[in-house]
Amino acid sequence: MKVFGIGLNKTGTSTLAACLQELGFRHTSCNWELTKAVQRKNLSPVFEHADRYESFEDWPWPLIYEELDQRYDEAKFILTRRASPEVWFSSLKRHALRTGPTKYRKIAYGHEMPLGKKQEHIRQYRAHNSAVRRHFEDREEKLLEVCWEEGDAWTELCEFVGRSVPNADFPHEKKGRSKLASYLSYARGYVRYQLLGRWGRLESL
């Protein structure tokens with residue numbers, strides 16, 4: 001069985017990855033070459049890679065859930081989401097300020113940076129989640145929708161993938177980052193953005 005995480009990035013995909021690996025799935029995550037192949041509509045290398053693994057999350061998998069559903073009859077899909085679209089966008093923006101522009105975001109959202117484009121990104125977030133729900137409508141056995149912030153954890157996930165609940169704490173990846181550390185990282189990125197007037201590297205900051 002294959003399990004595809006098809007929530008957009010910053011929806012708890014790192015937590016999902018940690019869970020699937022704890023449950024013993026042979027896992028693969030974000031892959032730039034495969035994301036470029038999806039952009040070129042060349043799915044052969046994507047399928048070749050997918051054939052070798054059992055669980056997946058991050059890019060390019062949310063972009064091709066329909067094709068994956070068609071190819072892998074026994075596959076299951078997990079839609080991770082945040083407590084609200086606004087919470088998701090805030091997380092996406094903070095991450096962008098830490099990392100700078102990425103080509104992944106350009107392919108997924110049409111922009112390398114989300115700053116100043118809140119409503120456009122929120123529309124895309126809502127549209128993706130709605131499209132996934134429509135695609136799997138009346139096939140509850142194929143799709144699990146989870147929100148870690150709302151209390152979903154091992155019970156829901158393990159029941160869906162047919163694995164026993166492990167004797168391990170639920171991972172909640174990246175929750176260990178303190179509020180101070182998050183604020184300092186955000187402030188550092190924002191200052192860099194203001195000083196440069198564009199995204200680039202400023203090694204002294």
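These figures come from a predicted structure and were not determined experimentally.
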Check this for me, if you would: do R123 and E120 make a salt bridge, where the nitrogen-to-carboxylate-oxygen distance has to be below 4.0 angstrom? no
Taking every non-hydrogen atom, the tightest pair across S29 and D58: OG-CB, 3.9 Å
Are L68 and V3 joined in one hydrophobic group, where the rule is that I, L, V, M, F, W and Y side chains link up if heavy atoms are under 4.5 Å apart? no
Parallel, tilted or perpendicular, as decided by the 30° and 60° cut-offs, for the rings of W59 and Y109: perpendicular
What pair of heavy atoms forms the shortest contact from A108 to Q124, and how long is it? O-OE1, 3.6 Å
Rounded to the nearest 0.5 Å, the CZ atom of F170 sits from the CH2 atom of W148 at a distance of 4.0 Å
Grab the two heavy atoms, one from T28 and one from H49, that are nearest each other, plus how far apart they are. OG1-NE2, 3.0 Å
Can you list, pair by pair, the side-chain donor-acceptor contacts under 3.5 Å of residues 153-168, counting residues two or more places apart and other chains?
{"from": "W154", "atom 1": "NE1", "to": "A168", "atom 2": "O", "distance (Å)": "3.0"}
{"from": "E156", "atom 1": "OE1", "to": "A153", "atom 2": "N", "distance (Å)": "2.9"}
{"from": "R163", "atom 1": "NH1", "to": "L23", "atom 2": "O", "distance (Å)": "2.5"}

K93 side chain to L115 backbone, donor-acceptor under 3.5 Å: no
Roughly how far apart are L16 CG and Q21 CD, rounded to 0.5 Å? 10.0 Å
Quick one: are H128 and P62 in side-chain contact, heavy atoms under 4.5 Å? yes
Note: K2 and D51 closest approach over all heavy atoms is NZ-O, 3.6 Å
Kindly compute the distance separating CG (L20) from NE2 (H27), expressed to the nearest 0.5 Å. 6.0 Å
Among the clusters formed by ILVMFWY side chains lying less than 4.5 Å apart, do I6 and I78 turn up in the same one? no
For W61 versus G5, what's the shortest heavy-atom pair and its separation? CB-O, 4.0 Å
For a 4.5 angstrom cut-off between non-hydrogen side-chain atoms, does L79 reach L144? no
Do F56 and T13 touch side chain to side chain, with heavy atoms closer than 4.5 Å? no
Answer yes or no: is there a side-chain heavy-atom contact under 4.5 Å between R82 and S91? yes
For T102, the side-chain contact (heavy atoms from CB on, under 4.5 Å) test, sequence neighbours excluded, returns T99, Y104, R105
Would you compute the distance between atom OG1 of T80 and atom CG of D152 and round it to the nearest 0.5 angstrom? 11.0 Å
Do you know which two heavy atoms are closest between R126 and P85, and how far apart they sit? NE-CG, 3.5 Å
So CD of E48 and CZ of R52: to nearest 0.5 Å the spacing works out to 7.5 Å
Would you call the rings of W88 and H121 parallel, tilted or perpendicular, taking 30° and 60° as the class edges? tilted
Under 4.5 Å between side-chain heavy atoms, counting indirect links through other Ile/Leu/Val/Met/Phe/Trp/Tyr residues: same cluster for I64 and L143 or not? yes
Partners passing side-chain contact (heavy atoms from CB on, under 4.5 Å) against H135 (at least two apart in sequence or in another chain): Y65, E66, D69, R139
Does the side chain of F25 reach to within under 4.5 Å of the side chain of M1, using non-hydrogen atoms? yes
Over 12 non-hydrogen atoms of neighbours within 6.0 angstrom of CG in D169: no
Answer yes if W32 and M113 sit in the same cluster of Ile, Leu, Val, Met, Phe, Trp and Tyr residues linked by side chain heavy atoms under 4.5 Å apart, and no otherwise. no
So with a 6.0 Å cut-off around CD of E150, is the heavy-atom count from everything else above 12? yes
In this structure, are over 12 heavy atoms from other groups packed under 6.0 Å from K103 atom NZ? no
Interatomic spacing from CZ in R81 to CD in E145 - rounded to 0.5 Å: 5.0 Å
Within one Ile-Leu-Val-Met-Phe-Trp-Tyr cluster: F47 and V38, side-chain cutoff 4.5 Å: yes
Residue Q70 excluded, over 12 heavy atoms near CD under 6.0 Å: no
